[in-house]
**Student:** 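What follows is a structure written as structure tokens; I'll ask about it next.
All values reported here derive from a predicted model rather than from experimental measurement. Sequence lines set the chain letters: A, B, ... in the order given, protein chains first and strands last, and positions in each chain run from 1.
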Amino acid sequence: MASDTNPGGDWAAAMQKAQADLLRQWTDMGQSWTRTATAGPGAAAPPPGGVPGSPGASAEGLARHFLQQCEQYLGISRSLWDLVTRSAAVGDAEQRNRAFTEGLGSLQQQFAGLWATTPFGAPGAAPFGGGMTGMAGFPGMQGLAGMPGMPGMPGMTGMTGMPGMAGLPGAFNMPSLGPTREQQESWQRLGQLGARCAQAQMQVSGQWNDIIGKALRELAERLAPRLKSGAVPGSLKEVYDLWVDSAESVYAQAARGAAFVQAQAELTNATSQLRSAQRELLEEWAKQFDLPTRAELNSVHQQLRELKAALAGIRG
Amino acid sequence: MAEAQVPSTPFDELGELPGRLAATVRSLQAAADVTFGCSEKDAVYREDKLTLYHYRAIAPSANLPPVLIVYALVNRPYMMDLQPDRSLIRRLLELGIDVYLIDWGYVDGADRYTDLNDYINGYLHRCLDVVLRAHQLPATTLLGVCQGGTFSLCYAALHPERVRNLITMVTPVDFQTSDNLLSRWAQSIDVDALVAAHGVVPGEVLNAVYVSLLPFRLLQQKYVNLLDADGDQAQMDNFMRMEKWIFDSPAQAGAAFREFMRWFYQENRLLKGTLEIGGRRVDLRNVRQAVLNVYGKQDHLVPPAASTALESLVGTTDYMALGLDVGHIGMYVSGRSQRELPQAIAYWLQRR
């Protein structure tokens with residue numbers, strides 16, 4: 001419900017009280033919810049068919065996700081609203097417009113940061129293959145930061161597991177020598193792929209930063225004329241929805257662009273190769289302990305498939 | 001010009017927010033027990049992970065050939081019978097149509113070499129065997145949904161004598177229309193590397209792709225909009241059912257995924273007439289039976305042009321396109337679809 005008058009001095013106090021109330025309720029709900037989630041045996045286990053960490057996993061997971069999204073919503077909406085109110089206070093229409101547009105520019109980093117910290121991560125991060133940092137909410141998709149806990153697999157950032165190789169610049173490109181030559185090559189490949197993934201991730205992040213910047217400019221274009229005429233939006237939600245509309249509109253264009261497609265594909269492809277390389281190393285380790293490997297199992301599956309086909313042929 | 005006036009609404013909004021948040025969270029927690037599926041059915045055939053279901057009649061028979069629903073490999077088929085007021089299957093049953101449905105199940109690591117030939121000339125073929133035997137018919141109606149529609153098209157082209165009528169719903173045929181973002185992304189993906197890395201491609205990967213098509217809406221705004229429900233439990237239950245369905249994505253058999261991505265998305269073979277399944281060419285001109293092609297005018301996953309391309313490719317003269325003003329998911333559950341689609345299908349079937 002819009003008012004015709006500016007509440008003036010009361011507004012800061014009202015805002016502070018509302019925020020304090022909100023924070024208290026929020027904290028209470030969070031604590032209550034945490035107790036519920038950790039209360040019973042199996043409470044942390046995903047339901048059958050559910051996706052742990054995704055909003056579809058359970059009502060509890062959805063509630064958590066919902067609260068996190070509301071926090072983001074509030075952050076975005078309040079930042080925009082603060083800017084709207086600051087700009088609206090400027091008497092001259094042209095200056096008001098300019099103040100708003102310039103203010104939006106300063107929000108770019110904050111918005112990009114908010115988006116990157118969503119529980120799902122930046123959605124542009126290799127959706128086909130699982131991202132490096134972006135898909136932390138998806139099970140099995142956050143495994144790029146080395147293999148902590150695996151014997152002899154301290155990670156891929158550098159060659160810290162190889163004697164004398166730690167911290168050597170250009171170690172990934174050194175020719176492999178000596179009795180551990182084959183292992184060195186595997187680690188070098190892992191390191192190269194890790195570096196390639198990091199590079200690709202940077203390209204994708206750059207694309208996202210551009211999208212956020214353009215989305216803010218789009219928002220300015222949609223809001224500024226209204227501010228200029230003195231008609232500010234009626235609610236936080238209205239400003240937020242306008243932001244989402246602007247962002248989706250810009251994203252729809254950018255996501256079709258060659259640069260975005262290329263960056264995303266490179267991240268996906270590099271990630272795929274890295275995962276395969278990681279598995280090869282794991283399998284080497286498993287062989288040393290005479291444990292079954294994926295490659296062995298695949299071989300058995302192929303044999304079974306051929307046998308089934310042969311049997312079907314005999315049966316006619 | 002006057003200074004802009006700042007409305008007081010944000011203060012009201014912030015003041016109301018704690019209460020609305022609490023109500024929404026309570027409703028979400030209460031929505032944990034939502035159930036899926038509302039129509040009684042019997043499993044009449046099982047093979048590997050697959051189950052063929054036959055739905056029990058709830059109305060006098062309309063004396064039409066049974067309809068075999070071929071669902072997509074992605075997502076679960078219970079979307080076709082989600083709840084009493086959102087069930088295409090229930091509406092068809094109410095109209096006296098006999099309904100079967102293929103549930104492909106959840107593939108696992110043992111299915112990595114299952115390919116499109118296995119799905120189309122194997123599983124689908126044998127399910128149709130069961131239906132035709134049960135009704136002592138030489139041919140019946142296939143209703144293919146999304147990717148299942150593409151499979152049904154391939155099947156009808158390869159085995160036209162066993163398909164009396166063909167209904168395709170939100171089915172891609174031209175995989176490279178300019179408005180198909182999914183296709184645009186797929187062109188540069190190294191599918192071999194992706195499948196080699198995963199073996200079976202996790203459903204989470206597909207989920208990530210789908211939400212990436214509209215990230216600001218699907219990752220954030222739709223949750224924020226829950227506040228507008230004001231804790232309405234029925235609305236929250238509906239939301240929860242959809243949420244469960246959207247993220248209940250089976251993994252994809254590696255070989256089939258590779259073939260689908262490469263042959264359909266990257267090479268557009270179905271459209272070009274160069275597709276081969278099981279060593280036989282899929283020529284859509286062999287589709288001479290009656291075809292009803294249903295598409296969503298607002299579909300962002302399968303844009304209208306991707307579906308309507310079918311008309312110029314099939315050999316039949318009895319082709320009808322039906323565009324509903326809904327999106328991809330709205331085709332299954334929207335009120336408009338529930339009102340219009342089952343009636344349209346029944347009407348179309350009765351005249352053939």
Side-chain angles (χ1 to χ4, degrees), chain A residues 1-4 6-7 14-15 18 21-22 25 29 49 51 54-56 58-59 62-63 65-66 69-70 72-73 81 85 88 91 93 118 120 123-124 127-130 135 138-141 227 230 232 234-236 244 247-248 255-256 261-262 264-265 268-269 272-273 275-276 301-302 305, chain B residues 1-15 17-18 21-22 24-25 28-32 106 109-110 112-113 181 184-185 187-190 193-194 196-199 202-205 207-209 211-212 214-217 219-221 223-224 226-227 240 243-244 246-248:
Chain A
M1 178 169 48
S3 164
D4 291 330
N6 189 332
M15 181 77 116
D21 288 348
L22 181 63
Q25 294 247 10
M29 276 192 293
V51 182
S54 84
S58 66
L62 188 56
H65 186 70
F66 167 70
Q69 296 311 313
C70 284
Q72 257 205 51
Y73 154 65
W81 187 259
T85 50
T118 178
F120 283 101
F128 276 97
M135 292 296 173
F138 287 102
M141 303 185 79
L227 271 175
V232 297
S235 70
L236 286 176
V244 171
E248 285 292 6
R256 285 178 165 77
V261 171
Q262 177 56 34
Q264 184 168 262
T268 300
N269 297 340
S272 295
Q273 292 192 17
R275 287 178 70 101
S276 291
H301 284 314
Q302 273 181 325
R305 191 174 157 77
Chain B
M1 188 171 291
E3 189 174 307
Q5 297 298 305
V6 180
S8 61
T9 309
F11 316 129
D12 300 337
E13 274 183 278
L14 282 173
L17 197 53
L21 270 171
T24 307
V25 169
L28 279 174
Q29 288 170 331
Y106 293 92
R112 64 188 53 221
Y113 298 116
L181 183 55
R184 177 96 175 91
W185 288 351
Q187 302 309 314
S188 307
I189 299 299
D190 184 343
L194 182 62
H198 290 281
E204 290 80 9
V205 170
N207 288 338
V209 173
V211 296
S212 293
L214 293 166
F216 297 89
R217 290 197 202 293
L219 285 172
Q220 194 182 78
Q221 191 187 34
Y223 301 100
V224 171
L226 286 178
L227 286 170
M240 196 63 190
E243 191 74 350
K244 160 81 176 163
I246 287 167
F247 290 104
D248 186 3

**Student:** Highest number of heavy-atom pairs under 4.5 Å with chain A: which of B/Ala110, B/Ala196, B/Gly199?
**Tutor:**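 Sorted descending by pairs with chain A, the first entry is B/Ala110.
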**Student:** Between B/Gln221 (side chain only) and A/Val244 (backbone N and O only), is there a donor and an acceptor less than 3.5 Å apart?
**Tutor:**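 It does not hold such a pair.
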**Student:** For the residue pair B/Trp185 and A/Ala255, what are the closest heavy atoms and their distance?
**Tutor:**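 Smallest interatomic distance, heavy atoms only, reads NE1-O, 3.0 Å.
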**Student:** Rounded to the nearest 0.5 Å, what separation is found between the OH atom of B/Tyr113 and the NE2 atom of A/His301?
**Tutor:**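 These two atoms lie 7.5 Å from each other.
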**Student:** Given 3.5 Å as the limit, does a donor-acceptor pair link the side chain of B/Asp190 with the main chain of A/Asn269, or not?
**Tutor:**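 Side chain of B/Asp190 to backbone of A/Asn269, a donor-acceptor pair under 3.5 Å: no, none is there.
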**Student:** Heavy-atom distance under 4.5 Å to chain A: side chain of B/Arg112, backbone, both or neither?
**Tutor:**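 The side chain, not the backbone.
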**Student:** Mind listing the closest non-hydrogen atom pair of A/Glu248 and B/Arg217 along with its distance?
**Tutor:**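 Reported closest heavy-atom pair: OE2-N, 2.8 Å.
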**Student:** State, to 0.1 Å, how close B/Leu194 and A/Ser272 come at their nearest heavy-atom pair, and which atoms those are.
**Tutor:**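 Reported closest heavy-atom pair: CA-OG, 3.5 Å.
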**Student:** Under 4.5 Å from any heavy atom of chain A, what part of B/Ile246 do you find: side chain, backbone, both or neither?
**Tutor:**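 Neither part.
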**Student:** Contact part of A/Arg305 toward chain B, heavy-atom cut-off under 4.5 Å: side chain, backbone, both or neither?
**Tutor:**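 Looking at A/Arg305, just its side chain touches chain B.
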**Student:** Tell me the closest heavy-atom pair linking A/Arg256 and B/Arg184, and the distance in Å.
**Tutor:**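 Here A/Arg256 and B/Arg184 meet closest at O-NE, 2.7 Å.
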